[in-house]
Colleague: 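What follows is a single structure, and I will ask about it in a moment.
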Amino acid sequence: MKLKDIEQLFHKELDALFGKDEVSQFFYWCIESFYNLSRLDLALDTNISITVEEQLKIIEALEHLKQEKPIQYILGETEFYGLPFKVTENTLIPRPETEELVSLILTNVTSSKVEKLGSTKKPITILDIGTGSGCIAISLAKHLPSAKVYALDVNTAALKIAKSNAELNQVDVTFIEQSVLEDFCIDIEFDVIVSNPPYVRELEKAEIKPNVLNNEPHLALFVADNNPLIFYKAITEFAEKHLTKNGQLYFEINEYLGKEMKDLVSNYKFENIGIIKDMFQKDRMLKANLIHQL
């Protein structure tokens, strides 16, 4: 069967659900992943065909897409901050907003005393709490090769994926299996602590698209309506004890809870607390510095 015919089948079955442009993207991602063929290859030779056996993967992908399964889970991979990452149903699919968080950290760290400390005296130490696929920790490790990066998660299956992603991207990250909601001992001071913890309230489920709600791990997405900042409080308390005097704390946050987040962090020994908007002008990130201890 010609790939061009399968492309037309994708549009026939999926355009009403996703729109023509997105369906085209799905199709080209599939042929690149399954057959190592690019959009240009198909444009240069519209008669490229695949065998009946070879068709099984892409037809199965089409059926999954009709059920609104995310393309990243179908292919088992995605891209984040220019790097390849494996993803499964045990990990969230990394999002562009989180890329903005990584960019913010890299910009601030490389222009701050933290970077000077790391380059002249000791490696910068970074902890990513709730690492999931490892996208934040691995991206930081890739762009700060002298840093010592740690990543923590409670989910054994997610950590397995994160470790494989560290190997895939050839970076050294120390992984820790632990819940931040439980007391644990770690004899390390960190220059940077970052987290993108669960922050979607149950009451906001109606705003979540079905492909996310029905596929991505709820453990990594949702928090109870009556205690939506549970992870932020625990992480802020941990950061107060484990950041260096120049330490920086970063969060990805719920767009509706910017004021509440700022109020929370201000109850601890932090200063220069700022809420930062994402590309969509939504309150999405928080940055704070540990108050210098004199």
Side-chain angles (χ1 to χ4, degrees), residues 14 17-19 22-23 25-26 29-30 33 60-81 83-102 128-139 151-166 168 175 177 179-181 194-225 227-232 235 251-257 278-280 282-285:
L14 300 174
L17 193 58
F18 297 104
E22 192 166 6
V23 172
Q25 189 65 68
F26 290 162
W29 279 343
C30 285
S33 179
E60 183 180 22
L62 173 59
E63 291 303 314
H64 284 310
L65 286 167
K66 286 164 64 175
Q67 298 165 22
E68 297 190 70
K69 184 173 182 177
I71 187 69
Q72 294 90 341
Y73 287 156
I74 294 169
L75 302 180
E77 60 189 17
T78 191
E79 184 180 292
F80 179 86
Y81 216 75
L83 301 173
F85 283 87
K86 299 175 184 177
V87 290
T88 72
E89 287 83 353
N90 295 303
T91 62
L92 290 180
I93 297 166
R95 287 166 169 77
E97 299 93 314
T98 309
E99 290 183 314
E100 292 186 76
L101 178 62
V102 170
D128 173 27
I129 297 178
T131 196
S133 65
C135 61
I136 294 176
I138 291 165
S139 298
L152 180 150
D153 205 290
V154 69
N155 188 323
T156 304
L159 280 176
K160 184 177 179 181
I161 296 298
K163 289 175 182 177
S164 69
N165 281 327
L168 177 65
F175 293 96
E177 185 173 345
S179 169
V180 74
L181 299 181
V194 56
S195 183
N196 176 20
Y199 60 66
V200 181
R201 293 171 291 182
E202 293 286 337
L203 63 86
E204 294 159 4
K205 275 188 175 181
E207 300 179 26
I208 304 297
K209 292 181 179 179
N211 64 325
V212 174
L213 188 62
N214 298 332
N215 292 280
E216 299 199 43
H218 286 202
L219 179 67
L221 279 172
F222 295 107
V223 287
D225 294 339
N227 196 9
L229 304 184
I230 180 172
F231 290 99
Y232 295 102
I235 294 165
F251 286 126
E252 184 171 323
I253 67 172
N254 187 317
E255 64 183 278
Y256 302 117
L257 299 176
D278 64 15
M279 67 183 84
F280 305 110
K282 296 178 179 180
D283 290 345
R284 185 62 65 195
M285 292 161 278

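None of these values were measured; they are calculated from a predicted model.
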Colleague: Any salt bridge (charged side-chain N to carboxylate O under 4.0 Å, His left out) pairs touching residues 72-81, not counting sequence neighbours?
Modeller: none
Colleague: List in chain and number order the residues that pass side chain to side chain donor-acceptor pair (under 3.5 Å) with N215, two or more places apart in sequence or in another chain; answer none if no residue qualifies.
Modeller: none
Colleague: Please list, chain by chain and in numerical order, all residues satisfying ring-ring contact (aromatic ring centres under 6.0 Å, His included) with Y232, sequence neighbours excluded.
Modeller: F251
Colleague: Applying salt bridge (Lys or Arg N to Asp or Glu O under 4.0 Å), can you list everything that pairs with E60, at least two apart in sequence or on another chain?
Modeller: none
Colleague: F18: which residues meet the ring-ring contact (aromatic ring centres under 6.0 Å, His included) condition with it, sequence neighbours left out?
Modeller: F26
Colleague: Taking only residues two or more places apart in sequence, or in another chain, which ones meet N254 in a side chain to side chain donor-acceptor pair (under 3.5 Å)?
Modeller: E204
Colleague: Could you tell me which residues satisfy ring-ring contact (aromatic ring centres under 6.0 Å, His included) with H218, sequence neighbours excluded, listed by chain and number?
Modeller: F222
Colleague: Which residues satisfy the salt bridge (Lys or Arg N to Asp or Glu O under 4.0 Å) test with E99, sequence neighbours excluded?
Modeller: none
Colleague: May I have the list of side-chain donor-acceptor pairs in residues 84-92 shorter than 3.5 Å, sequence neighbours left out?
Modeller:
{"residue": "T88", "atom": "OG1", "partner": "N90", "partner atom": "N", "Å": "3.1"}
{"residue": "E89", "atom": "OE2", "partner": "K69", "partner atom": "NZ", "Å": "3.2"}
{"residue": "T91", "atom": "OG1", "partner": "T88", "partner atom": "N", "Å": "3.3"}
{"residue": "T91", "atom": "OG1", "partner": "T88", "partner atom": "O", "Å": "3.1"}

Colleague: With sequence neighbours left out, write down each residue that passes side chain to side chain donor-acceptor pair (under 3.5 Å) with E97, or none if nothing qualifies.
Modeller: none
Colleague: With sequence neighbours left out, what residues match Y81 under ring-ring contact (aromatic ring centres under 6.0 Å, His included)?
Modeller: H143
Colleague: Among L17, L62, L14, whose side-chain contact (heavy atoms from CB on, under 4.5 Å) with V23 holds?
Modeller: L14
Colleague: Identify the heavy atoms of M285 and I253 that sit nearest to each other, and give their distance.
Modeller: N-CG1, 3.9 Å
Colleague: Please identify each residue that fulfils side-chain contact (heavy atoms from CB on, under 4.5 Å) with D225, with sequence neighbours left out.
Modeller: R201, E202, L203
